[in-house]
Amino acid sequence: MNLSQLNKIAQAMVAAGRGILAADESTSTITKRFAAIGVESAAETRRDYREMLFRTGDAMTKYISGVILYDETIRQSAKDGTPLVKLIENAGAVPGIKVDKGTKPLPFCAGEVVTEGLDGLRERLAEYRALGARFAKWRGVIDVGEKPVMPSHTCVAANAQALARYAALCQDEGIVPIVEPEVLMDGAHDIDRCVEVTGFVLKETFAALFHNRVALEGMVLKPNMAVPGKKSHKRASVAEVAEKTVRVLKQCVPAAVPGIAFLSGGQSDEEATAHLDAINKLGPLPWHVTFSYGRALQAAPQKAWSGKHENVATAQRAFAHRAMMNGLAALGQWQADLERKAA
Ligand code: 13P
């Protein structure tokens, strides 16, 4: 493992004012997204859509540090024959790849899941590296239920162990791991319960990373923010989300980690931006803190595009706008009126 090279890539992924575009939806997930905008999901439409994003110069060259791809996408070429990986590199962003194989039910832990995909991972990583990937992503999923039943220690520990084994394999193959232990915001729990579970999950994850000898300087953490569950009646202000998120991260994430890139997890576009901005306004923080958004970057361009060629320019403007707003939020320089000015 060449740690200085891994650290250089990790630093580039969280460079000031830039963040990651999570465009790694599995075929079934992107098919659901396309269904919502009335677009047929085929290899060609998926390629056209992603090519449109990667050719959005204003977003890619200024605000996007890296792109997470899916197995199909990393092998695809643009209409003119240029590999999509090349489009990303030419824009100055780092190509990455989702390598987990999704979740499976965890026996004897009702309603809980563990992420699979470790078998054969070393060989897949070597292939992805040859295809141009310089970082990878693996997502563990933790659902919040009744205390003390959910999450169970079994679920948190099994996912932490999988994340750590994945991260060690990545580093051994010269790839920077994005370690993503996501506490879902699906439940009816309040923000304090989210903080409690997030702290539990992060502590367990960093213990597993330690036992698996993962070099913290050569990874990026992709956590959830501290937010109430979607079904909670107790809403939290932007200031409370920022303060509680920073507090739990400071308690659990060593300063040796170069960067934290949040997932959006079902927050609205503007919430995800406002929260990231408020978190950075609490700085200076021990790590670079930015975004690795899927839905919060793509919902607007997807809707604007709706599968029609004549909408490409409008969709690219929508993507460039969200990328810029989040780029500013990564510096703590976003303001709500910038959204309204653009509208
Ligand atoms: P969202 O930002 O839509 O949560 O997606 C990020 C991601 O990569 C989840 O694994």
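Quick caveat, the model's predicted, so the values are computed rather than measured. Atoms within a ligand are numbered from 1 in the order they appear, just like the ligands themselves.
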### Task
Could you give me the CA-CA distance, side-chain angles and deciding distance for Phe200 and Val195, then say whether side-chain contact (heavy atoms from CB on, under 4.5 Å) is met?
CA-CA 9 Å; Phe200 174 22; Val195 168; over 6 Å; no
Is there at least one pair of N or O atoms, one from [X] and one from ligand 1, spaced under 3.5 Å apart?
| X | result |
| --- | --- |
| Gly294 | yes |
| Gly266 | no |
| Ser264 | yes |
| Tyr293 | no |

### Task
Work out whether the distance between some heavy atom of Lys137 and some atom of ligand 1 is less than 4.0 Å.
yes
### Message
Using heavy atoms and a 4.0 Å limit, tell me yes or no: is Ala296 in contact with ligand 1?
### Response
no
Side-chain donor-acceptor pair present, [X], [Y], cut-off under 3.5 Å:
| X | Y | result |
| --- | --- | --- |
| Ser26 | Thr29 | yes |
| Arg193 | Ser232 | no |
| Trp305 | Gln316 | no |
| Asn311 | Ser306 | no |

#### Entry: Between OH on residue Tyr166 and CD on residue Gln171, distance to nearest 0.5 Å
9.5 Å
#### Entry: Top protein contact for atom 4 (O) of ligand 1, by heavy-atom distance
Gly265 N, 2.7 Å
### Query
To the nearest 0.1 Å, how far is atom 9 (C) of ligand 1 from its closest protein heavy atom, and which atom is that?
Glu180 OE2, 3.2 Å
### Task
Give the contacting part of Lys222 toward ligand 1: side chain, backbone, both or neither, where contact means a heavy-atom distance below 4.0 Å.
side chain
### Query
Given that the side chain starts at C-beta and the backbone is N, CA, C, O, which of these parts of Arg295 lies under 4.0 Å from ligand 1, counting heavy atoms, or is it both or neither?
both
### Message
Under 4.0 Å from a heavy atom of Ser292: which atoms of ligand 1 are those, numbered in the order shown and with their elements?
### Response
6 (C)
### Query
Against heavy atoms of Arg139, which atoms of ligand 1 measure under 4.0 Å?
9 (C), 10 (O)
### Query
Do Leu121 and Arg165 come close enough that some side-chain heavy atom pair is under 4.5 Å?
no
### Query
Is a side-chain N or O of Thr56 found less than 3.5 angstrom from the main chain of Ala59, in a donor-acceptor match?
no
